[in-house]
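In what follows, a single structure is set out as structure tokens and then discussed.
Note that ligands are numbered from 1 as they come in the structure, with each ligand's atoms numbered from 1 the same way. Computed from a prediction, not measured in an experiment: that's the story for all the values here.
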Amino acid sequence: MNVPIKTPDEIEKMRVAGRQAASVFEMIIPHVTAGISTGEIDRLCHDYIVNELGSTPAPLNYHGFPKATCTSINHVVCHGIPDAAKTLKKGDIMNLDITVKTADGYHGDSSMMFVIGETIQGERLSRVTQECLYKSMAAVKPGVRLSDLARIIQHHAEAHDYSVVRDFCGHGIGAGFHEEPQVLHYDGYAPDADLTLAAGMCFTIEPMINVGSHKTKVLRDGWTAVTKDRSLTAQWEHTLLVTDTGVEVLTERRDEDLSFLTR
Ligand code: MF3
Ligand code: CO
Ligand code: CO
């Protein structure tokens with residue numbers, strides 16, 4: 001299908017957008033501890049994106065989404081709505097998903113897990129999910145197919161007796177928040193499931209991995225996606241650029257060790 005190849009000028013704008021998204025995490029990480037509400041996390045991110053970065057939080061009003069970020073706790077798979085009455089407590093795990101749209105119209109989309117206090121199961125799930133992202137990222141280069149990435153993710157998750165969410169996927173990204181292709185995280189059918197990667201493509205990988213069944217349902221607020229069996233779930237996401245030799249992680253954070261990538 002029509003998967004755009006970014007021009008050098010667009011790639012430069014994607015780098016700015018990706019760096020901005022990463023910088024929001026660098027700002028918020030020290031604040032995410034037991035006792036803070038997801039509404040307060042959202043407010044801090046919103047104000048930083050608007051006032052410090054001069055950009056826009058892309059989720060706000062996106063198809064009617066009411067907040068600037070997504071905060072998804074425990075059995076919430078994705079699209080959790082920040083809430084001033086929802087306070088993080090020890091033993092919780094939370095995904096924070098941030099998408100910045102720069103003033104010149106390009107998107108940087110990333111999410112990461114926070115483990116609050118101690119939870120052995122939560123830590124293991126979060127770690128394995130990050131490994132799913134990292135192992136698939138490490139395979140990105142021209143000539144590789146999206147289905148190769150999907151198989152890497154599914155294999156690693158299932159080797160730990162976890163399941164891969166099928167109802168949500170990664171996506172192309174650029175001037176559009178969600179562009180072609182759909183990036184599946186399991187070996188399944190999509191229009192571009194067999195797309196061969198080429199330098200200049202930008203897309204996200206954002207595996208959602210469940211302790212129980214892969215099935216999800218959306219709550220009556222129309223957004224909050226949960227595991228159908230209420231089992232624990234985790235997600236990590238980066239925005240990537242395919243380069244001539246491999247991958248550039250546009251949303252890389254300063255705290256992150258990506259030395260396993262040969263770039
Ligand atoms: N950032 C999410 C993604 O990774 C999308 C959030 S859309 C929203 O694609 F409307 F729920 F915010
Ligand atoms: Co995304
Ligand atoms: Co996202």
Side-chain angles (χ1 to χ4, degrees), residues 3-4 14 17-25 28 38-39 41-43 45-46 49-50 55-73 76-83 86 94-102 106-114 126 129-130 132-133 136-137 140 146 149-150 153 164-185 190 192 201-209 216-226 233-241 247 249-253 256:
V3 175
M14 287 299 291
R19 177 89 286 279
Q20 286 197 0
S23 77
V24 185
F25 284 105
I28 200 68
T38 55
I41 292 168
D42 183 73
R43 189 188 66 78
C45 292
H46 174 277
I49 292 166
V50 172
S55 291
T56 309
L60 188 59
N61 302 320
Y62 181 77
H63 295 283
F65 190 78
K67 293 287 180 178
T69 63
C70 298
T71 51
S72 303
I73 299 175
V76 178
V77 173
C78 61
H79 305 162
I81 303 173
D83 180 353
K86 183 72 190 170
M94 179 188 70
N95 175 274
L96 174 62
D97 194 330
I98 292 170
T99 310
V100 168
K101 183 179 187 181
T102 58
Y106 284 78
H107 293 79
D109 184 8
S110 181
S111 82
M112 65 178 287
M113 293 303 295
F114 293 86
S126 172
T129 304
Q130 187 182 43
C132 286
L133 172 61
S136 56
M137 275 165 43
V140 170
L146 284 181
L149 307 181
I153 293 164
V164 180
V165 168
R166 301 170 179 226
D167 298 334
F168 302 94
C169 57
H171 49 92
I173 183 166
F177 189 166
H178 296 107
E179 299 183 348
E180 290 175 4
Q182 291 180 46
V183 179
L184 301 191
H185 305 114
D192 291 305
M201 289 179 179
C202 287
F203 61 93
T204 72
I205 304 179
E206 48 183 298
M208 287 145 274
I209 305 296
T216 72
K217 65 174 257 189
V218 175
L219 300 185
R220 287 170 69 171
D221 61 22
W223 282 105
T224 310
V226 300
T233 178
Q235 178 178 29
W236 290 79
E237 173 177 23
H238 269 312
T239 296
L240 310 172
L241 165 71
V247 65
V249 183
L250 299 176
T251 46
E252 175 175 3
R253 298 178 306 279
E256 230 175 339

Inset, instruction - Begin with the C-alpha distance, continue with both residues' side-chain angles, and end with the deciding distance and a verdict on side-chain contact (heavy atoms from CB on, under 4.5 Å) for Q235 and F168. - result: CA-CA 11 Å; Q235 178 178 29; F168 302 94; over 6 Å; no
Legend entry - Over all atoms of both residues, closest heavy-atom pair of V183 and F203: CG2-CD1, 3.9 Å
Inset, instruction - Test W223 against C70 for side-chain contact (heavy atoms from CB on, under 4.5 Å), laying out the working first. - result: CA-CA 10 Å; W223 282 105; C70 298; over 6 Å; no
Inset, instruction - On the 0 to 90° scale, with breaks at 30° and 60°, tag the Y62-F177 ring pair as parallel, tilted or perpendicular. - result: tilted
Inset, instruction - Give every protein N, O or S atom lying under 2.8 Å from the Co ion (ligand 2), naming each by residue and atom. - result: D109 OD2, H171 NE2, E206 OE2, E237 OE2
Inset, instruction - Tell me, please, which residues at least two apart from T56 pass side-chain contact (heavy atoms from CB on, under 4.5 Å). - result: K101
Inset, instruction - Under the side-chain contact (heavy atoms from CB on, under 4.5 Å) rule, collect the residues that match up with V24, sequence neighbours excluded. - result: M27, C45, Y48, I49, L53, I98, V100
Inset, instruction - For H185 and P207, work out which heavy atoms get closest and say how close. - result: NE2-N, 3.4 Å
Inset, instruction - Side-chain contact test, heavy atoms from C-beta onward, threshold under 4.5 Å: evaluate it for L250 versus L240 and give yes or no. - result: no
Legend entry - Residue shell around ligand 1, heavy atom under 4.0 angstrom: P59, Y62, F65, C70, H79, D97, T99, D109, H171, F177, H178, E206, W223, E237
Inset, instruction - State, yes or no, whether a side-chain contact exists between V226 and T216 at a heavy-atom distance under 4.5 Å. - result: no
